[in-house]
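So that the names make sense, note that chain A is the first sequence line, chain B the second, and so on, each numbered from 1. Any value given below was found using the heavy atoms of this structure, including those in side chains, with hydrogens, waters and symmetry copies removed. In this text the structure is predicted, and so the values were computed from the model without any measurement.
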Amino acid sequence: MLDIVVVRRDPDRVRRSAKRRGLDPSFVDEILRLDSEYRSALAGLENAKAEKNLVSGRIGKAADKAAAARDAKPQLDALAAQIAHHEALAKALSPESSDSPLRELLDGTPNLLDDSVPDGSDEDANVIVRTWGTPRAFDFSPKPHWEIGEELGVLDFERAAKLSGSRFTVLRGMGARLTRALAQFFLDRAAARGYVEISPPYLVSRETMWSTGQLSKFSDAMFQDSGADLFMIPTAEVPLTALHGKEILAGDDLPRKYAAYSPCFRKEAGAAGKDTRGLIRQHQFEKVELVWLTRPEDSFASLERLANDAETLLQELELPYRVAALCAGDTGFNAAKTYDLEVWLPAQQAYREISSCSNCTDFQARRASIRFRRDASGKPELVHTLNGSGLAIGRTLVAILENYQEADGSVRVPAVLQPYLGGTGRITGA
RNA sequence: GGAGAGGUGGCAGAGCGGUUGAAUGCGGCGGUCUUGAAAACCGCUGAACCUUUGCGGGUUCCGUGGGUUCGAAUCCCACCCUCUCCUCCA
């Protein structure tokens, strides 16, 4: 959620950002109009209440309270009617009311883009910031991961479809073990870099989901239990970011760095026909997520460090990748700035997203109310939140299968993972 | 799922329906004292929003939402959550 004060004071900045995202900026004027209407309604309400409080207070101090109450009755009745009138008006306009038009507009307004975000409407305009590693030269034709996996017996798409339908995978033998090894490896590295490991709930309340900005009104991306009103997390970013919601942290406690392994559940409703083969796009996948809570002035420097933490994992796995600065049109609702890490997939002859690292500035912190105090006498301020995958486990498995495949159909195990697999250096079957 | 207890400020813990945004203690901040520190003593110490150039003024908040009343932390109703016991269960 944007700061309404920023919209009031610097509407041009909001318009500019919205335009860069490809939105019609006229909603800004609508917000300004509704906001000023709301505030005048609020002033009317508060004045009437102040007067009523004054009269009531006088009754409380009178010697004969009953008589005083009787005398004041006509005046108080009139005030009560006034208050009721203003109250209805203010409530209908208030950004706090879940069905007010102002709230709807604010809810639908994405974060302000950072000036460093490149212009552009879609991923073709993303800017490659750096590239690491050299794609391996194969002396045979590299197979896609689903072929490798099925032939080795580590991936089973048919049985997954039997159990659950499309976009699910059964991992078998070394496939399952490698997945577990990756989770362990990522978490160990995160711990070494100062992240506190969290094992969060995988189901969260509507309020939690809303507070981190995942629950935009038109989003049907999530699985949910409508009875209990719980949502299956689409990423551990949700519980990790909301962990300190409605809290005021001590300034000394920042930055806070958290890492969590979790399954992630996504409907992928808008992706029909995309990545239908293999485990690139699944309804259920695993991920280690990294989240930072920082002081406002530190968040952009922290984004570089967060991205670097994720990159290090790819370097240790010796997987070639590149880093893309997402353009305005490709940057998500919550983010002021995002880097995508894209890993090389030889079968596709393409770099594919394996991590997304974003600085959400105060956008999520405002909704979730995550604040800190600079010093004991200071006022609470909103923290900045950042999140990034470190890394997506399924896609890392894809990258390993494809990049480490051999002509005989076997797959070598990256050196850093071997200790997690009892020293196994090569996968020759499940 | 059944029974009971409870939800008040950073924490602990009071609170006859009327200057109670809330006693008291702890913690925190500032000061006195001290070579320094501790102790002791004194003072200050919740949040959001509206308004004001500023000083300030106002409204709201004691789990949430309703209700009674001129007036509610205090009375009534519903809901949520936590804890204890039982039941069940990985």
Q: Between the protein and nucleotides 51-59 of chain B, list the N/O to N/O atom pairs that are separated by less than 3.5 angstrom.
A:
unit_1 : atom_1 : unit_2  : atom_2 : d
B:U51  : OP1    : A:Arg39 : NH1    : 2.9
B:G58  : N2     : A:Glu46 : OE1    : 3.2
B:G58  : N2     : A:Glu46 : OE2    : 3.4
B:U59  : OP1    : A:Asn53 : ND2    : 3.1

Q: Going by atom types alone, do A:Gln315 and A:Tyr321 pair a side-chain donor with an acceptor below 3.5 Å?
A: yes
Q: Look at A:Arg371 and B:G46 and indicate whether a side-chain polar atom (N or O) is within less than 4.0 Å of OP1 or OP2.
A: no
Q: Taking atom C1' of B:A48 as reference, at what distance in whole Å does atom CZ of A:Arg367 sit?
A: 18 Å
Q: Measuring from the side chain of A:Pro380 (C-beta onward, heavy atoms only), which nucleotide among B:A48, B:G18, B:G46 has the closest atom?
A: B:A48
Q: One thing to verify: whether A:Lys246 and A:Glu207 come together as a salt bridge, which I'm taking to mean a side-chain N less than 4.0 angstrom from a carboxylate O.
A: yes
Q: Quick one: look up who B:U34 pairs with, Watson-Crick or G-U, both distances under 3.5 Å, and put none if it's unpaired.
A: none
Q: Tell which nucleotide pairs with B:G18, taking only Watson-Crick or G-U wobble pairs whose two distances are both under 3.5 angstrom.
A: B:C70
Q: Using atom C1' in both nucleotides, what's the gap between B:G63 and B:G7 to the nearest angstrom?
A: 6 Å
Q: How far, in whole Å, is B:G6 from B:A14 if one measures between their C1' atoms?
A: 16 Å
Q: Is the closest side-chain donor-acceptor distance between A:Lys287 and A:Thr235 under 3.5 Å?
A: yes
Q: If B:G43 has a Watson-Crick or G-U wobble mate with both distances under 3.5 Å, name it; if not, just say none.
A: B:C29
Q: Could you tell me whether A:Ile59 contacts a base, only the sugar-phosphate backbone, or nothing, with contacts defined as non-hydrogen atoms closer than 4.0 Å?
A: base
Q: Which base sits across from B:A3 as a Watson-Crick or G-U pair, both distances under 3.5 Å?
A: B:U84
Q: Considering only the P atoms, how many Å lie between B:G10 and B:G28, rounded to the nearest integer?
A: 16 Å
Q: Is there a side-chain contact between A:Phe168 and A:Phe157 in this structure, where contact means two heavy atoms from C-beta onward sitting under 4.5 Å apart?
A: no
Q: Roughly how far apart, to the nearest Å, are B:G9 and B:A48 at atom P?
A: 16 Å
Q: Which one is paired to B:C49, where only Watson-Crick or G-U wobble pairs with both distances under 3.5 angstrom count?
A: B:G58
Q: Indicate yes or no: does A:Glu297 engage A:Arg374 in a salt bridge with an N to O separation below 4.0 Å.
A: yes
Q: In Å, rounded to the nearest 0.5 Å, how long is the span from CD of A:Glu96 to CG of A:Leu106?
A: 10.0 Å
